[in-house]
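Structure, as structure tokens:
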Amino acid sequence: MAQSLELLLIQFLMPDNDARRQAEEQIKRLAKDPQVIPALVHHLRTAKTPNVRQLAAVLLRKKITGHWAKLSPQLRQLVKSSLIESITVEHSPPVRRASANVVSIVAQYAVPAGEWPDLLPFLFQCSQSAQEDHREVALILFSSLTETIGNTFRAHFADLQSLLLKCLQDETSTRVRVAALKAVGSFLEFTHDGSEVRQCLANGEEDVATIAFEIFDELIESPAPLLGESAIQIISWLAKFKSNSLKRHKLVLPILQVMCPLLTEASQEDEADDLAADRAAAEVIDMMAIKLPKLVLPPVFEFASINYQSANPKHREASVTALGVISEGCFELMKDKLGPILHIVLGALKDQEQMVRGAASFALGQFAEHMQPEITSHYESVLPCILNALEDASDEVKSAIGSVATAAEQAFVPYAERVLELMKIFMVLTNDEDLCSRARATELVGIVAMTVGRTRMESILPPFIEAAISVIFFSALSSWMRCNNFLSDPNVSFSQGFELEFSELREYSHGFFSSVAEIMDDSFAKYLPRVVPLAFASCNLDDGSAVDIAESDDDENANGFGGVSSDDDAHDEPRVRNISIRTGVLDEKAAATQAIGLFALHTKSSYAPYPLSVILAARPNCRSVDFRINNLFLVLSSVHDVLASISDTVMDIYIKTMTEDDDKEVVAQACTDVADIIKEFGYLAIEIYMPKLIEATLVLLQEESTCQHTESDSDEDDANHDEVLMDAVSDLLPAFAKSMGPHFGPVFAKLFDPLMKFARASRPPQDRTMVVACLAEVAQEMGAPIATYVDAVMPLVLKELASPEATNRRNAAFCVGELCKNGGEPTLKYYGEILRGLYPMFAESEPDAVRDNAAGAVARMIIVQPNSIPLNQILSLVPELVNLFAQVVVSAAETPEVKGLVGRSFSHLISLYGHQMQPILSNLSPVHANALAAFVPNS
């Protein structure tokens, strides 16, 4: 394979598109064989040209996840040693960084399994190398590894202290200093509150914030755009993680004195959003306002007060933008200055420049959202100004009035009539340049209608509904209706006015219909013959997805390898395919399916005659998120009476989607909907489909479905989609168990081993906790048959009780409680280990959810086996248990049977520890104490 693969890699990099396509197809075929891994490793180390070595590393990163478990120990060792060698010996920086990306993926599996003990020592050694590139790549790896094996670093935080501080002060390399700062940020994000990292860094000779500001000061003056972007990223990092240090070192004002003027810089038309200085500065100011509102408001208000009268419109725009940006963080302080602040913003709303009026509208929308209820007392001055501004075509103004209407609620009613009259003008515009404004006006009418309510709106809505109906283009609708035999359907009629082809306008029109259906409820039924086919037409539009070969305009990047970033692997691979999706059409389809769901929800049986087969029709060329599935369950639950007539179509499509659709998000949604259908309609409704559903679930657990074999453009995205998919698949098992009860036992026997595959030590923590949560819910719903599996699952659950992840501990506590409750005698031999595992989870430092589940587990043990549990071991836990018991007996959701068990358990505690429990009982509320007392005599 090695020789043929080398030729394909070279061919893949050729400028000839046909040659590249042929090479790609053959590489895909070879990549299904695990032996592709050693072949790629060989070319990573021996290929003559850097481009081929880098391509080998990129492909290795993409394929290693699927093949790692199939590799022999010898091949795994070869991969690890080759990667280390590539990082240390490789002369090409892009190849070295691509190899580092593979290290991050391999470490996710090898480190938790104890298969790579020398990785961390290597990183520490590499980070102190005399070579700048080695130090930088080690720090980049420290950053990326926190996302996959962050817990491994906890024991090394003390060593990281001196290392990171040393690298932050690297006198010879700005690249190393920036990489070190980002590594600190990654650790702070990983530890959430950052207490462990901050404690280590606080012991250093200099404060990280001061060092970071020095780096910022160097970079902000750099003429290189990317260095300037790094400077702003550093300030954003400082604001998010070291806000108190900014305050302590008096850096807030200097930073704002740099950031606020950046708001006045005009963005270039071809400049990406994330590179635009004004947008980046706004994000930094927003974060600083959230973290340090008292220090941010005065300088920002001063900046606005000076610039709102400037002759430069960009300065006037920046003045009101700044006030809008800080309103979320500084809302409490701004309430006291609302008068002078509104003076600036309302003045800008009358500005002759549209950009200034748009910024003022944005600010008012922010005020309406964040400064309630104080803003309502100013509506007498605000609303007339914003209504006057409505006479221009500014979409920002319409958005602002929508925000104000939503926030004002009934206070807006006196102004609704004028707004609606003005919107009539916009809702009949037909020129191409006016269609965006028409879309915003349509959205605004829906918002106003929702605010004002049915009583006032029902009589005045018809002309707006007619205007909204007219936006669906006639040609596509008519051809679609002919194909689906709608022209002969007596329930359907339409006019000849659907000629405007503008996807965003149709999207907002469907949203408007949704609002009207919600307002009018069953009275909306009279519009169904006209609006349902419009929604169906949008649902069945071609997504416009396309796959093209991406060509570079830059000679340096002719093969997609120039300018590989040290910290952004989005650019570290050949840009072979450019997937372009007309997202406007997808948004339109989303709005249309939501509308269909709301039509069915509010008109109920009136919706029954409309065929679901239209929206469910398969589209094999659709590779985007499939919105056919999203609202189907809402439709089903609304037309319960016609379930029998449509269930075959519905369930067949769900089952086909689960196994044959190539989009993981779509398959996950299908699994979620199937679980919801089972919960809503019960076992009898799906009994005849159960064999196929079980088979589809088994295929997904075995990772053999079409979507699990589809190539992904991004490992990170693919991992996220895998997690979403398998969470949805694992939710099916408890749904089956809930509908079948103990009869689920034989079915669970088929699914158990494939499910447990996700609990292996080599799997990431989120997979293991998914399995544990699934087992807990199955045990809860299936009952006694879970006893068969106690010995197989208890070692996993006990290990998860000690997991460093709070979510894993919480789920494990819930699972162990359900196993003890339903597992019967097989669980008794584990009681001692269970109690030892649960005891640390009652610590004050644990999250409430963890402590609650631990208390629940012990309570279930007492309830089920009060004479078997060594109660002398849990005396210190009695206060938690008593509080839990009290919550159970007063809960309306708990059954009398459960409350009776609680009463017997509580009585047992009283008989053993009556004297010691008196202080605990005296601290209970009268309601809880009386409720518990009521159960003791009956137990």
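All residue numbers in this chain count up from 1 along the given sequence. Note that this is a predicted model, so its numbers are computed, not measured.
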Inset, instruction - Could you please spell out the steps behind the salt bridge (Lys or Arg N to Asp or Glu O under 4.0 Å) verdict for Arg135 and Glu132? - result: CA-CA 5 Å; Arg135 300 197 302 278; Glu132 176 189 30; 5.7 Å; no

Inset, instruction - Apply side-chain contact (heavy atoms from CB on, under 4.5 Å) to the pair Met450 and Glu518, showing each step before the final yes or no. - result: CA-CA 8 Å; Met450 291 286 289; Glu518 192 169 348; 3.7 Å; yes

Inset, instruction - Please test Leu342 against Leu364 for side-chain contact (heavy atoms from CB on, under 4.5 Å), starting from the C-alpha separation and ending with a verdict. - result: CA-CA 9 Å; Leu342 284 175; Leu364 285 175; 4.0 Å; yes

Inset, instruction - Let me see the working for His510 and Glu588 under side-chain contact (heavy atoms from CB on, under 4.5 Å), right down to the final yes or no. - result: CA-CA 8 Å; His510 291 308; Glu588 177 186 343; 4.3 Å; yes

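Between Ile344 and Val320, some side-chain heavy-atom pair lies under the 4.5 Å cut-off. Under the 4.5 Å side-chain criterion, counting only non-hydrogen atoms from C-beta, Met371 is in contact with Met334. When side chains are defined from C-beta on, Thr807 counts as touching Arg810, because their heavy atoms get closer than 4.5 Å. Contact check for Val325 versus Leu263: no side-chain heavy atoms found under the 4.5 Å cut-off. Side chains of Val345 and Phe367 form a contact here, defined as non-hydrogen atoms less than 4.5 Å apart. Looking at heavy atoms from C-beta onward, Leu349 lies in side-chain contact with Ser361 at the 4.5 angstrom threshold. Taking 4.5 Å as the limit, some side-chain heavy atom of Lys291 sits within range of a side-chain heavy atom of Met287. The shortest distance between side-chain heavy atoms of Met427 and Phe464 falls below 4.5 Å.
Between atom OG of residue Ser104 and atom CD1 of residue Ile140 there is a gap of 10.0 Å, rounded to the nearest 0.5 Å. Note: Thr442 OG1 to Arg506 CZ = 13.0 Å, rounded to the nearest 0.5 Å. Note that CG of Leu333 and NZ of Lys335 are 10.0 Å apart. Values are rounded to the nearest 0.5 Å. The distance from atom SG of Cys260 to atom CD1 of Ile285, rounded to the nearest 0.5 Å, is 4.0 Å. The structure places NZ of Lys337 at 14.0 Å from NE2 of His343, a figure rounded to the nearest 0.5 Å. Going from atom CE of Met423 over to atom CG of Leu444 covers 5.5 Å, rounded to the nearest 0.5 Å.
Closest of all the heavy-atom pairs between Glu504 and Ala439 is O-CB, 4.1 Å. Looking at every heavy atom in both residues, Ala449 comes nearest to Leu461 through CB-CD2, 4.4 Å. Residue Leu262 comes nearest to Val258 through the heavy atom pair CG-O, 3.4 Å, listed as atom of the first residue, atom of the second, then distance. Heavy-atom minimum distance, Thr264 versus Ala318: CG2-CB, 3.6 Å. When all heavy atoms of Ser514 and Ala595 are compared, the pair lying nearest together is OG-CA, 3.2 Å. Heavy-atom minimum distance, Ala468 versus Phe512: CB-CD2, 3.6 Å.
Each of Lys314, Arg357, Arg316 was checked for a salt bridge (charged side-chain N to carboxylate O under 4.0 Å, His left out) with Asp351, and the lone residue meeting it is Arg316.
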For residues 292-311, which side-chain donor-acceptor pairs fall under 3.5 Å, sequence neighbours excluded?
unit_1 : atom_1 : unit_2 : atom_2 : d
Ser305 : OG     : Phe301 : O      : 2.8
Asn307 : OD1    : His315 : ND1    : 3.0
Asn307 : ND2    : Phe303 : O      : 2.8
Ser310 : OG     : Asn312 : N      : 3.0

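Ionic pairing of Arg97 and Glu136 is present here: one or more N-O contacts between side-chain nitrogen and carboxylate oxygen are shorter than 4.0 angstrom.
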